[in-house]
Amino acid sequence: MALNVKLSEFRTRVRYWSDASTGGTSDHYASAEVDYRINKSIEALYDLLVQARGHEFYSATSAPMAVTSGVGSYPLPADFYQLVSVLLSASSQIYDVPTWTNRQKSQLLNDGISGGGGDPASLRYRVKATSLQFLPTPTGTGWTFTLDYIPRFTELTGPDDAFDGVNGWEEWAVLDCAMGMLAKDSDTEVYQMLGMKKAEVEARIKRLAPDRDAEHPERVQDVLGDFAGSDYGRGRRTTW
């Protein structure tokens, strides 16, 4: 369940911490600067949670992309940040498409020359700037790619715009923002106190965020396709 915290609440909490023992020094900050600092701190928290991974907190599934035969490059969604997985639907089968490395590029290009682009299990992808590139170039018809990806953080602008703090972890962003304001005001004592509180919240995030599904933790992935004869190996090539 999401714990959505509104921008108006962030403003109140940031001003509380930055005013804690300074006699209200943060009152001279314009609302625009406070909002800017809040968004930058939330953006840093967002990256911290994305880095923690586990079962992604902010993943979303894009609209399916229809495959055009002979086309190997497809634009990424406008809000794309980090890719989680690529699935290919072809001939009533679903394939987990692996990524390709530069060492594999020549072999994949040769596969394309020999007609490998018509085999769904032979396809590999790679994120290239603002597009997703497939090798060998797919030549099938009626195929569909589906991207599971983490979107970019969207800044909070209106007072009712909200950020999912998950389990009170938005306090990291609140403290980070308040520390920036205090540093500007040269309030060293309170700055150090908030730094300790921020470190405590960060330690809690790093300890708990990767294990969102505590009953079924993440497993080691078979990157070499050693189980090619089973369902785990479907859609993966075992030799090069």
Side-chain angles (χ1 to χ4, degrees), residues 1-22 25-60 62 76-85 127 129-130 147-213 218:
M1 181 178 179
L3 181 62
N4 292 319
V5 181
K6 295 181 179 180
L7 177 58
S8 58
E9 176 65 13
F10 274 104
R11 292 169 179 166
T12 300
R13 289 161 66 173
V14 165
R15 289 191 181 277
Y16 167 79
W17 281 115
S18 58
D19 285 352
S21 61
T22 62
T25 59
S26 74
D27 287 343
H28 65 269
Y29 283 97
S31 296
E33 180 175 354
V34 174
D35 287 356
Y36 169 79
R37 289 177 175 272
I38 288 172
N39 276 297
K40 285 302 177 184
S41 294
I42 297 176
E43 187 177 68
L45 171 61
Y46 186 85
D47 279 349
L48 186 62
L49 289 171
V50 168
Q51 183 182 24
R53 278 312 218 306
H55 292 284
E56 283 69 23
F57 288 98
Y58 303 111
S59 64
S62 72
L76 292 167
D79 63 344
F80 176 86
Y81 183 36
Q82 288 192 359
L83 189 61
V84 176
S85 65
V127 176
T130 59
L147 278 64
D148 189 31
Y149 69 99
I150 300 172
R152 293 196 309 268
F153 165 66
T154 301
E155 289 192 355
L156 311 185
T157 55
D160 290 332
D161 290 349
F163 176 78
D164 181 5
V166 183
N167 191 37
W169 295 341
E170 75 284 346
E171 193 70 0
W172 187 96
V174 170
L175 294 168
D176 182 72
C177 181
M179 287 175 65
M181 295 166 68
L182 289 167
K184 187 175 181 180
D185 288 332
S186 301
D187 193 322
T188 305
E189 182 179 348
V190 180
Y191 178 90
Q192 292 175 344
M193 182 270 290
L194 294 187
M196 290 187 289
K197 288 184 174 292
K198 176 185 167 186
E200 292 174 1
V201 178
E202 183 169 332
R204 186 158 60 96
I205 292 172
K206 290 182 176 179
R207 184 174 66 252
L208 297 175
D211 297 320
R212 194 176 192 188
D213 187 348
E218 291 289 293

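Under the 4.5 Å side-chain criterion, counting only non-hydrogen atoms from C-beta, Asp79 is in contact with Tyr149. At a threshold of 4.5 Å between non-hydrogen side-chain atoms, the residues Tyr16 and Arg11 do not count as touching. Between Thr157 and Leu7, the closest side-chain pair of non-hydrogen atoms is not below 4.5 Å. Contact of the Phe163 side chain with the Phe153 side chain is registered, since non-hydrogen atoms from C-beta on lie closer than 4.5 Å. With a 4.5 Å cut-off on side-chain heavy atoms, Lys198 and Val174 do not count as touching. The closest side-chain heavy-atom distance from Pro151 to Phe80 is not below 4.5 Å.
The distance from the CD1 atom of Ile150 to the CG atom of Asp47 is 10.0 Å, given to the nearest 0.5 Å. Between the CG atom in Leu49 and the CD1 atom in Ile42 there is a gap of 11.5 Å [rounded to 0.5 Å]. Going from atom OG of Ser41 over to atom CE of Met179 covers 9.5 Å, rounded to the nearest 0.5 Å. Within the model, atoms CD of Glu202 and CD of Glu171 stand 14.0 Å from one another, a figure rounded to the nearest 0.5 Å.
Between Asp161 and Lys6 there is no salt bridge, since no side-chain N of the basic residue sits under 4.0 Å from a carboxylate O of the acidic one. Checked for salt-bridge contact, Lys197 and Glu200 miss the test: no charged N lies under 4.0 Å from a carboxylate O. Comment: Glu170 engages Arg13 in a salt bridge, judged by a side-chain N to carboxylate O separation of less than 4.0 angstrom. A salt bridge is defined here as a Lys NZ or Arg NE, NH1 or NH2 lying under 4.0 Å from an Asp or Glu carboxylate O, and Arg37 with Glu33 meets this definition.
Without hydrogens or angle criteria, Asn39 side chain to Leu156 main chain gives a donor-acceptor distance under 3.5 Å. Using a distance-only test at 3.5 Å, with no hydrogens or angles considered, a donor-acceptor pair links the side chain of Asp164 to the main chain of Leu3.
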